[in-house]
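Single-structure report; data block below.
In the text below, chain A, chain B and the rest are named by the order of the sequence lines, each starting its count at 1.
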Amino acid sequence: MSPPAGIDTDALARPEFLPDPDRSRKEMESLQRELAASATFVDDLGFGPDAVAFDEPADLSAGLPPARTEALGELDANPDAPVVVGVDQAFRPERDEAVSAAVAFRGGRVVEYAEAVTPLSIPYVPGLLAFREGEPMLAALEDLSVAPDFLVCDGSGRIHFRQAGIATHIGVICDLPSVGVAKSLLCGEPDEPVGERPEGWSTPIRADDSVERVGGLDEDRTGDDADVGTDPPGTDLPVVGHAYQSRQYPNSRRVNPLYVSPGHRVSPETAVDLVAALCAGYKLPEPTRLADAHADRVKRRLGGDE
DNA sequence: GCGACAG
DNA sequence: ATCTTGTCGC
């Protein structure tokens, strides 16, 4: 049995990574370097893509599916399935508040919806998103009564100037495996051009000059020195994530790929494999898609203004 | 100085 | 992210 423990609130133990209006940009950047150094971009999960795979997308036409608490029970078909949690946010610009949502799944079923409304204290700055939205995300996670085994965050993880995107912040703070799923590329360079690609296609994103290298963090690089010079150009650069074509129309090229990167305790390769398994017919992985819908629902319930 | 930049 | 109707294409 797994008692509803929710998140191990280590968040309070790492206040340095939470928003502080008085902190300078330089200070936030060095905190991220510190955080990247304590992050792990190698597999440390205890389960694989098959354990979290969705075989059917949720039907949202009549609203979100009800949470099935019984899916947590011992009579569940797959009692050992990991708890996957998708997190996303909606905003109330007029009030400068974030509405964050966390949706927990087990065996492909929703087991809990959680949410939080949080005042925003820091503006959006590319590269410093976690200092604006990290607190709200944690608030939604702490509203959960089930303990997550894996977090799917919207935004980048290792695909980040200091290899510490919001998925990395959240993963390290909670000490949970996490991945970042972004709809556009923050930095880095794809091995191949990212256009007109078939469903299921993916290509590595490698660190470019805009990505700071983190000491002791690149030992997960593939190949050894003997390969240098024989590999294609750029192959010696560290892979920080992947572009992944989760959806595509047969006779059209309009859908852009997803940019998947490890947050914490996962490798770039496993991160894409996990996200591929979480996708069930739509562009976004199911956890993210439902978290997005739940955040919108909560926002609507709160009302258009005041 | 110019460009580029998750949500 | 948010402001927003209809509309082009599978």
Please report the closest heavy-atom contact between A:Q163 and A:V214, naming both atoms and the distance. NE2-N, 3.8 Å
In whole Å, what is the span from the CZ atom of A:R92 to the P atom of C:dT2? 12 Å
So what stems show up for DNA chain B if we need 3 or more Watson-Crick or G-U pairs in a row, all under 3.5 Å? none
May I ask you to say what A:A90 touches in the nucleic acid, namely base, sugar-phosphate or nothing, with a heavy-atom cut-off under 4.0 Å? sugar-phosphate
To the nearest Å, how far apart are A:R300 CZ and C:dT2 P? 13 Å
C:dT2 phosphate, OP1 or OP2: any side-chain N/O from A:K299 under 4.0 angstrom? yes
Just say parallel, tilted or perpendicular for the rings of A:H169 and A:F17, cut-offs at 30° and 60°. perpendicular
Compare all side-chain heavy atoms of A:V99 with those of A:E115 and state whether any distance is below 4.5 angstrom. no
If hydrophobic clusters are built from ILVMFWY residues whose side chains come within less than 4.5 Å, do A:L120 and A:L129 share one? no
For the residue pair A:S178 and A:I170, establish whether any side-chain heavy-atom pair is separated by less than 4.5 Å. no
For the residue pair A:D88 and A:R289, establish whether any side-chain heavy-atom pair is separated by less than 4.5 Å. no
To the nearest angstrom, the CG-C1' distance between A:D292 and C:dT2 comes to 13 Å
Less than 4.5 Å apart, any side-chain heavy atom of A:Q32 and any of A:F161? no
Base contacts versus sugar-phosphate-only contacts with protein, heavy atoms under 4.0 Å: please encode nucleotides 2-7 of chain B as B, S and - from 5' to 3'. ---BBB
When you compare the side chain of A:R132 with that of A:I166, does any pair of heavy atoms fall below 4.5 Å? no
